[in-house]
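Structure first, commentary second.
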Amino acid sequence: MQAELIINGAQVLTMDETRPRAEAVAIAGGRIVAVGSDAEVMALAGPGTQVIDAGGRTLLPGFVESHLHLGLGGLELEQLQLGGMMGWGAVKAAFDGYAAAHPEMKGLFAQGTAYGVFGADTTRQDLDRIIADRPIALMSPDHHTVWANTMALEQSGLLHGAAMPHGHQVVMAADGTASGELREFEAFGPVVDLAGNKRMNLGIATGAEPAVPSTAAERAADKAHFRRGLAHCARHGITTAVSMDGNRYALELLAEIEAEGGLTARCIVPFHMKPDMDMGELDRASAMARDFGGEWLRSGFVKMFMDGVVDSRTAYMLQDYPGVPEHRSEPLFEPERFKDICAEVDRRGLQIAVHAIGDGAVRVTIDGYEAARVRNGPRDSRHRIEHIELIDRADVPRLAALGITASVQPSHPPGAMDFPMDTMDMVYHRERWRDAYLTRTLVEAGAPLAFASDWPVTDIDVMRSLQASQTRAPYDGCQDERVGLMDALRAYTAGGARAVHWEGLTGTLKPGLAGDLVLVDGDVEATLAADLGGLGIALTVAGGRITHRGAGFG
Ligand SMILES: [Zn+2]
């Protein structure tokens with residue numbers, strides 16, 4: 001057999017326990033055909049073989065991004081970025097420039113707006129002083145709060161308040177009008193729609209399908225967002241993307257992109273189950289799993305939100321928030337009904353992924369998975385919990401015993417990467433810091449681990465995230481929650497593949513598996529932990545096809 005592509009001269013970390021290290025990898029027909037020494041693998045070279053000398057760089061299985069929002073991330077790449085910006089003057093200047101550059105936009109949207117960007121609570125009057133004659137809205141970094149100016153509130157029918165489903169809120173000011181702060185997806189959905197992105201937001205907001213079929217032009221515009229997201233993934237070495245919001249529409253767009261030859265990462269898209277849906281709507285989840293089950297695009301899991309986020313204090317806690325007596329928020333699903341839903345999803349053979357941030361939400365979610373196991377009997381279900389920002393110690397062994405994947409983000413702990421430390425004092429009692437953002441503790445208890453960015457919530461950059469996983473300091477006197485470098489790399493490769501039942505396809509470099517690889521632009525093991533984030537991606541290969549080549553490499 002002749003190889004089509006060989007990468008040699010590499011420090012290959014295979015993530016395959018039977019052969020953890022090698023020098024070269026050969027690919028033919030989209031699959032890995034050999035992993036071994038340079039001499040062994042070069043025996044498969046022929047006149048038609050493309051040989052790439054890695055020059056001692058680290059070669060890994062292509063990264064598996066276990067939790068991102070592919071279409072929304074792609075869409076946001078075009079919006080105003082306020083990440084790291086503080087103060088009214090800076091935001092005003094940024095908006096003025098953006099508004100002038102985009103006279104065609106119906107609404108002006110900004111991302112990455114810090115809670116307290118103007119010091120005190122952000123109000124619609126603050127935003128009116130920035131721009132009053134066009135609708136503007138600012139999204140928080142966690143994507144769970146939006147602040148809107150008066151025109152945006154007026155045009156979306158929210159200025160005088162609106163009835164919202166449980167957990168979603170149009171915050172009202174003392175004068176009986178909306179303050180400008182909108183908490184959670186359904187509250188800010190109407191404002192987001194002003195920017196003309198209603199179809200793109202359905203997957204995360206309601207899980208519904210577009211009410212009217214999109215026109216060819218609308219589909220092309222929506223596909224462009226996914227394509228931009230896919231290109232962003234390829235640049236960062238990602239060959240598998242688990243997009244954590246979804247509907248059939250997203251799958252259809254991605255299937256069209258696949259048919260056009262543009263699917264540069266394997267994509268997995270869930271059915272999004274909302275608390276107000278009837279159990280019968282799970283038929284749609286089963287249909288999505290049946291109709292999309294390929295090696296490049298599939299469904300097969302159900303996503304749910306059990307709570308909100310800590311900064312807006314919508315995460316459901318087992319005790320009251322510090323300084324806010326009587327407030328611990330609430331689970332978005334009634335716990336007994338949630339058990340029924342879990343049992344039904346599990347009975348259908350589908351996987352479950354639940355966003356659970358507070359320790360109360362984590363407990364209700366574990367209770368649901370446990371109920372499914374009791375009612376249906378054990379199976380290789382691999383249900384997972386997304387985020388787990390606070391957990392009660394009593395639940396750690398339960399998580400492990402049920403084999404629940406801890407799908408966590410090294411970039412999320414305050415102080416670890418881009419999120420500020422003041423969140424810790426604001427939302428966690430000091431004596432609970434030891435239970436916040438656990439990673440190593442969960443792994444040592446035996447829980448499978450998958451890493452992700454939750455892009456666009458944080459930077460998608462895998463190398464920066466790896467750096468955060470290796471350099472994160474323990475919270476004030478608490479235990480060290482770093483995992484070893486190999487465990488971190490595994491959580492971004494084989495661990496992520498296992499978490500979606502794809503260990504037989506990707507996440508490991510061994511013959512027979514897909515030709516999904518990433519060549520990091522340096523020697524990962526020889527690089528100081530504090531410098532890992534500076535390493536670029538030299539080459540990304542998905543299914544044997546080069547999807548990214550770094551500037552200055554080859
Ligand atoms: Zn997410």
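For the single chain, residues carry numbers from 1 onward in sequence order.
- E344 and R347 are joined by a salt bridge, as a carboxylate oxygen and a charged side-chain nitrogen come within less than 4.0 angstrom of each other.
- Residues F185 and H144 bring their aromatic ring centres within 6.0 Å.
- Pairing each heavy atom of L251 with each of S299, the nearest pair is CD1-CB, 3.9 Å.
- The pair R228-E78 counts as a salt bridge, with a side-chain nitrogen and a carboxylate oxygen less than 4.0 angstrom apart.
- Looking at D283 and R348, a side-chain N of the basic residue comes within less than 4.0 Å of a carboxylate O on the acidic one, giving a salt bridge.
- Across all non-hydrogen atoms, the minimal contact from A205 to K274 is O-NZ, 2.9 Å.
- With respect to the salt-bridge test (charged N to carboxylate O, under 4.0 angstrom), the residues R219 and E260 do not qualify.
- Atoms CG and CD, from N8 and E23 in turn, are 9.0 Å apart once rounded to the nearest 0.5 Å.
- Under the 6.0 Å cut-off for aromatic ring centres, H387 and H67 qualify, their centroids lying closer than that.
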- [ ] Go through the steps for S411 and D418 under the test side-chain contact (heavy atoms from CB on, under 4.5 Å), then give the verdict.
- [x] CA-CA 7 Å; S411 50; D418 296 337; over 6 Å; no
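- Closest non-hydrogen pair, Q467 versus A529, comes out as CG-O, 3.2 Å.
- Across R284 and G207, no two heavy atoms sit closer than the pair NH1-O, 3.7 Å.
- Taking OG from S381 and OH from Y369, the interatomic distance works out to 9.0 Å, rounded to the nearest 0.5 Å.
- Distance CD1/I32 to OG1/T506: 7.5 Å, rounded to 0.5 Å.
- Side-chain contact between L517 and I27 is present, with heavy atoms from C-beta onward closer than 4.5 Å.
- Inter-residue side-chain proximity for F271 and M277 is flagged as met; some heavy-atom pair is nearer than 4.5 Å.
- In terms of heavy atoms, A250 sits closest to F226 at CB-CZ, 3.9 Å.
- Between M139 and L82 the shortest side-chain heavy-atom distance does not fall below 4.5 Å.
- Although no hydrogens or angles enter the test, the distance criterion places a donor-acceptor pair under 3.5 Å between the side chain of T14 and the main chain of R19.
- The only member of T471, V462, L485 that meets side chain to side chain contact (heavy atoms under 4.5 Å, CB included) when paired with L532 is L485.
- One distance of note links CD of E281 with CD1 of I341; it measures 11.0 Å at 0.5 Å rounding.
- In this structure, the ring pair (Phe, Tyr, Trp, His ring centres under 6.0 Å) partners of H236, at least two apart in sequence or on a different chain, are H232.
- Looking at H383, its side chain does come within 3.5 Å of a backbone N or O of I352 through a donor-acceptor pair.
- Contacts of F292 classified as ring pair (Phe, Tyr, Trp, His ring centres under 6.0 Å), with partners at least two apart in sequence or in another chain: none.
- Side-chain contact check for P456 versus Q111: every heavy-atom pair is 4.5 Å or farther apart.
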Open item on the list: The test is side-chain contact (heavy atoms from CB on, under 4.5 Å); show your working for V41 and V35 and say whether it passes.
Closed with: CA-CA 7 Å; V41 173; V35 178; 5.8 Å; no
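- Among L60, L13, V12, the single residue meeting the side chain to side chain contact (heavy atoms under 4.5 Å, CB included) criterion with L509 is V12.
- Taking the charged nitrogens against the carboxylate oxygens, R375 and D346 have no contact shorter than 4.0 Å, which rules out a salt bridge.
- In this structure, P61 and D516 have side chains that are not in contact, with every pair of non-hydrogen atoms separated by 4.5 Å or more.
- Between the side chain of T239 and the backbone N or O of A265 there is no donor-acceptor pair closer than 3.5 Å.
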TODO: Take V408 and Y437 through the side-chain contact (heavy atoms from CB on, under 4.5 Å) test and state the conclusion after the steps.
DONE: CA-CA 8 Å; V408 301; Y437 306 95; over 6 Å; no
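- A side-chain donor from one of Y492 and S465 sits under 3.5 Å from a side-chain acceptor of the other.
- Partner D454 forms a side-chain hydrogen bond (donor to acceptor under 3.5 Å, both in side chains) with one of Q409, H355, H69 and no other, that one being H69.
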Task: side-chain contact (heavy atoms from CB on, under 4.5 Å) assessment of I52 paired with R549 - done: CA-CA 11 Å; I52 295 176; R549 196 186 269 270; 3.9 Å; yes
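- Under the 3.5 Å distance criterion, with hydrogens and angles disregarded, a donor-acceptor pair is assigned to the side chains of S407 and E386.
- Atom CG of residue D459 and atom CZ of residue R464 lie 5.0 Å apart, to the nearest 0.5 angstrom.
- Side-chain contact annotation: E503 with T508, donor-acceptor N/O pair under 3.5 Å absent.
- Taking the side chain as every heavy atom from C-beta outward, V242 and F301 approach each other to under 4.5 Å.
- Contact annotation: the side chain of E481 approaches that of Q479 to within less than 4.5 Å [non-hydrogen atoms, C-beta and beyond].
- Counted by atom type alone, T547 and T264 present zero donor-acceptor pairs between their side chains at under 3.5 Å.
- Here OG1 of T493 is found 4.5 Å from CE of M15. Values are rounded to the nearest 0.5 Å.
- For the residue pair E370 and L402, the shortest heavy atom distance occurs at CB-CD1, 4.0 Å.
- Looking at D245, its side chain never comes within 3.5 Å of a backbone N or O of G203 through a donor-acceptor pair.
- Residues R266 and L505 meet the side-chain proximity criterion, which asks for heavy atoms closer than 4.5 Å.
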